[in-house]
Amino acid sequence: KPLLSLRQVVKVYPTRSGDITALKGIDAEFYRGEFVGIVGKSGAGKSTLTHMISGVDQVTSGEVWFEDTPVHTLSEDQKALWRGRHVGVVYQTFQLMPSLSLLDNILLPMEFCGTYQRGKSEERALELLRAVELEDHAFKKPSAISGGQQQRAAIARALANDPPLIVADEPTGNLDTATAETIFSLFETLAERGTTILIVSHDRSLEDRVSRLLTITDGELSEMRSLR
Ligand code: ADP
Ligand code: ADP
């Protein structure tokens, strides 16, 4: 049984110059422990697809099922709670809270969902910072560290509630090769433990790392290849 299913997902953005159909009826299934790459040119619909999967935006029509949860029917509040517990979202632009330390940024989703007790939360947040090699920066604010470090902090935050699904839009786009390698290894380890990883990228080098590759072209999933 898939962890996540998309059924005929359509996304239309109404604009002043007419409707833009960003997704034209996407069908896809994702299973536990899959490490899936989604590639496509700029404007193909990659970001829109991640927004539909993580529930940060509404589908125009079609269905998004997360196990037995019809995500497309949830209210915004219900979706925020559901997402907090089930989806770790890594945004291209990090979206860390500028006024909070890295540690507090990671504690935030744990507190929002009441996942752990306070002492346990801190222990886990520090563990996550260690996993992305940021333990020495735990008490710094995002502005005090580099872009690559912010990206790693954003990944640590996405892992805070130990979600079964991680959705990352260009997670290594701002990182040097060595740091990108660290991040990919971390994702691989998570996938081996059963976490489903969806990584969006325009970078074809992603192909070597993933277990499945989807190509999105002009709002359609045009190709699916199993690589291992
Ligand atoms: P990608 O991530 O592959 O670059 P996007 O999902 O961002 O593609 O965009 C797909 C299409 O939808 C593009 O034509 C883009 O201009 C359009 N689009 C994306 N977001 C919006 C929006 N908020 N309003 C209007 N059009 C949008
Ligand atoms: P990228 O294509 O680099 O992945 P995004 O799709 O994340 O970038 O776009 C950044 C922001 O701009 C998003 O909020 C998206 O909805 C919005 N956006 C993208 N394309 C358009 C568009 N054609 N018109 C209006 N907003 C857009």
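Read the numbers this way: they start at 1 and go in the same order the structure lists the ligands and their atoms.
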Worksheet entry | Basic-acidic side-chain contact under 4.0 Å: Glu67, Arg32 | yes
Worksheet item: Does Arg209 use its side chain to pair, donor to acceptor, with the backbone of Glu181 at less than 3.5 Å?
Response: no
Worksheet item: What do you reckon, does Ala44 have a nitrogen or oxygen under 3.5 Å from a nitrogen or oxygen of ligand 1?
Response: yes
Item to complete: Could you list which atoms of ligand 1 come closer than 4.0 Å to a heavy atom of Ser47?
Response: 1 (P), 2 (O), 6 (O), 7 (O)
Item to complete: Can you sort out the partners of Phe66 under ring-ring contact (aromatic ring centres under 6.0 Å, His included), two or more places apart, ordered by chain and number?
Response: Trp82, His86
Worksheet item: Below 4.0 angstrom, N of the basic side chain to O of the carboxylate: do Lys79 and Glu76 qualify?
Response: yes
Discussion item. Once you restrict to heavy atoms under 4.0 Å, what part of Ile20 touches ligand 1? Side chain, backbone, both or neither.
Written reply: side chain
Discussion item. Heavy-atom pairs closer than 4.0 Å: do any link ligand 1 to the side chain of Ile216, the backbone, both, or neither?
Written reply: neither
Worksheet item: Taking both backbone and side-chain atoms of Thr15, is any N or O found less than 3.5 Å from an N or O belonging to ligand 1?
Response: no
Worksheet item: So, is Ala22 polar-close to ligand 1, with some N/O to N/O distance under 3.5 Å?
Response: no
Item to complete: Sequence neighbours left out, what passes side-chain hydrogen bond (donor to acceptor under 3.5 Å, both in side chains) with Thr21? Give chain and number order.
Response: none
Worksheet, complete the sentence: One finds that the ligand 1 atoms under 4.0 Å from a non-hydrogen atom of Lys41 are 3 (O)
Worksheet item: Is the side chain of Gln151 donor-acceptor paired with the backbone N or O of Pro171 at a distance under 3.5 Å, no angle test?
Response: yes
